[in-house]
Amino acid sequence: MKKSKYLLSSFVLASLMLLSCGNKEEKASENSNADIPVSREMIAELTSPPNVPTPVGARKAKKLIVEMEILEKEGEMTDGVKYMYWTFGGTVPGSFIRTRVGDEVEFHLQNHPDNKLPHNIDLHAVTGTGGGAESSFVSPGHEKIFSFKTLNPGLYVYHCATAPVGMHIANGMYGLILVEPEGGLPHVDKEYYIMQGDFYTKGANGERGLQPFDMQKAVDENADYVVFNGKVGALTGDNALTAKVGETVRLFVGNGGPSLVSSFHVIGEIFDKVHIEGGEMINENVQTTLIPAGGAAMIEFRVDVPGTFILVDHSIFRAFNKGALGMLKVEGEPNKTIYSGEISEGIYLPEGPGIQNMPTTDEIVASEIPAKSFEEQMEFGKQAYMQTCFACHQAEGQGIPNAFPPLAKSDYLNADVDRAIGIVLNGLTGEITVNGNKYNSVMTRQMLSTDEVANVLTYVYNSWGNSKKVVTKAMVEKVKNN
Ligand SMILES: [Cu+2]
């Protein structure tokens, strides 16, 4: 009975395909998981790393409410070094979200009123423009709600995608969302959540105090810290992951980047199974698995012998000098057949920054040809504007309410040229009033040459109803040397 029905439907399908080529293409791209019905509503359990929520098991697809709050908060990168983290849910990486295929996720993204900046979220598990980013742009004190259906099982990264995107990610705005297949993933005894990230600070590795983000080092991909779970030592000593001999362990490992690729390895353990790139394909007996920036992997192994197993990025200076080192402590009876070496502790300890000599690249490369006329200044200035300022101040200089002040007809801009030059050279924080509206946010220092600053400001002053001033290289140099 079932078989004849199947034959009949394939016959109908085949004839439809023959009838229309256009129809055939539509059929090929359809995802049947879009038709999974949802029963009832459920609030998603969110967890902080290294913990993960309860497995979905056999539960049916549901309307799943995710409540996620963005918090900008100071934390400790390593002993004596503070950092202003931007977080999803108060931790780096952000709260773990666990769904199953066919869930209808209703995502509530809240931006805490004490935060300084607008944010949004791009979830790689979303099928839709921007992965949700376009629907979730939210100012401090506000909430945005959007919804999506999980079509593809796998382990996915989510991250903030607000300009400057690299900076938001570099400050810790990433996490993982798991979409389990129908019936759930196979049972294991222990599951943990780990995410690698690279950090860029004004001071060198280990330099004390509150360290601001360094845009130039980030652009150069010259990381001061490469860490698991947001800080040096998040998974060592008392914070180590644990398991007992004989248990099976599943690691959900992601890489937030923003830039570096992770060569994830556990010293003294072989991965029995790796869901490559977080997808369906399983590789077996793996020593080191590559986790791209903005990617993830599911790693499974059974622990057979006791000891402390060290988790590293096998780009090994990162592990011993920049922080990418964690521990899995396994307790239980030794098994002499599998391993019987002399056990001595303290082989693999972080070496710290002592032997590092990090190049500091403070000079800005000025390779371009200087503008020879007003027209050229306008042309080059527009190019620089579209590359650098556009993301925040927008195409027509109109800005974004409550977040980025306008440059079009800006009384603040037009009142003082030297001040405007200073802002582009050095950045700006603290409360200002532009055209009667208050802004209290951060404009990072823009990495432009003296010529570029002159051109971009000439372009801004001669656009959108501003005061038509011309800014020369000499004027910029004067402000720079004051
Ligand atoms: Cu953000």
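Just so you know, these numbers use all the heavy atoms, side chains as well, and skip hydrogens, waters and symmetry mates. Both counts, for ligands and for their atoms, begin at 1 and track the order of listing. Everything quoted here is computed from the prediction, not taken from an experiment. Numbering starts at 1 and runs along the sequence shown.
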**Prompt:** Just checking, any donor-acceptor pair under 3.5 angstrom between side chains of Ser467 and Asn414?
**Reply:** yes
**Prompt:** How long is the span from the NZ atom in Lys480 to the CG atom in Asn482, to the nearest 0.5 Å?
**Reply:** 13.0 Å
**Candidate pair Glu477 and Asn481, rule side chain to side chain donor-acceptor pair (under 3.5 Å), full reasoning** = CA-CA 6 Å; Glu477 259 157 11; Asn481 299 327; 6.0 Å; no
**Item:** Matching residue for Asp103 among Arg59, Arg40, Arg98 - test: salt bridge (charged side-chain N to carboxylate O under 4.0 Å, His left out)
**Value:** Arg59
**Request:** Under the ring-ring contact (aromatic ring centres under 6.0 Å, His included) rule, collect the residues that match up with His159, sequence neighbours excluded.
**Result:** His124
**Message:** Are Tyr158 and Phe88 an aromatic pair, judged by ring center distance below 6.0 Å?
**Reply:** yes
**Request:** For the Cu ion (ligand 1), check which protein N, O or S atoms are under 2.8 Å away and list them.
**Result:** His119 ND1, Cys160 SG, His168 ND1, Met173 SD
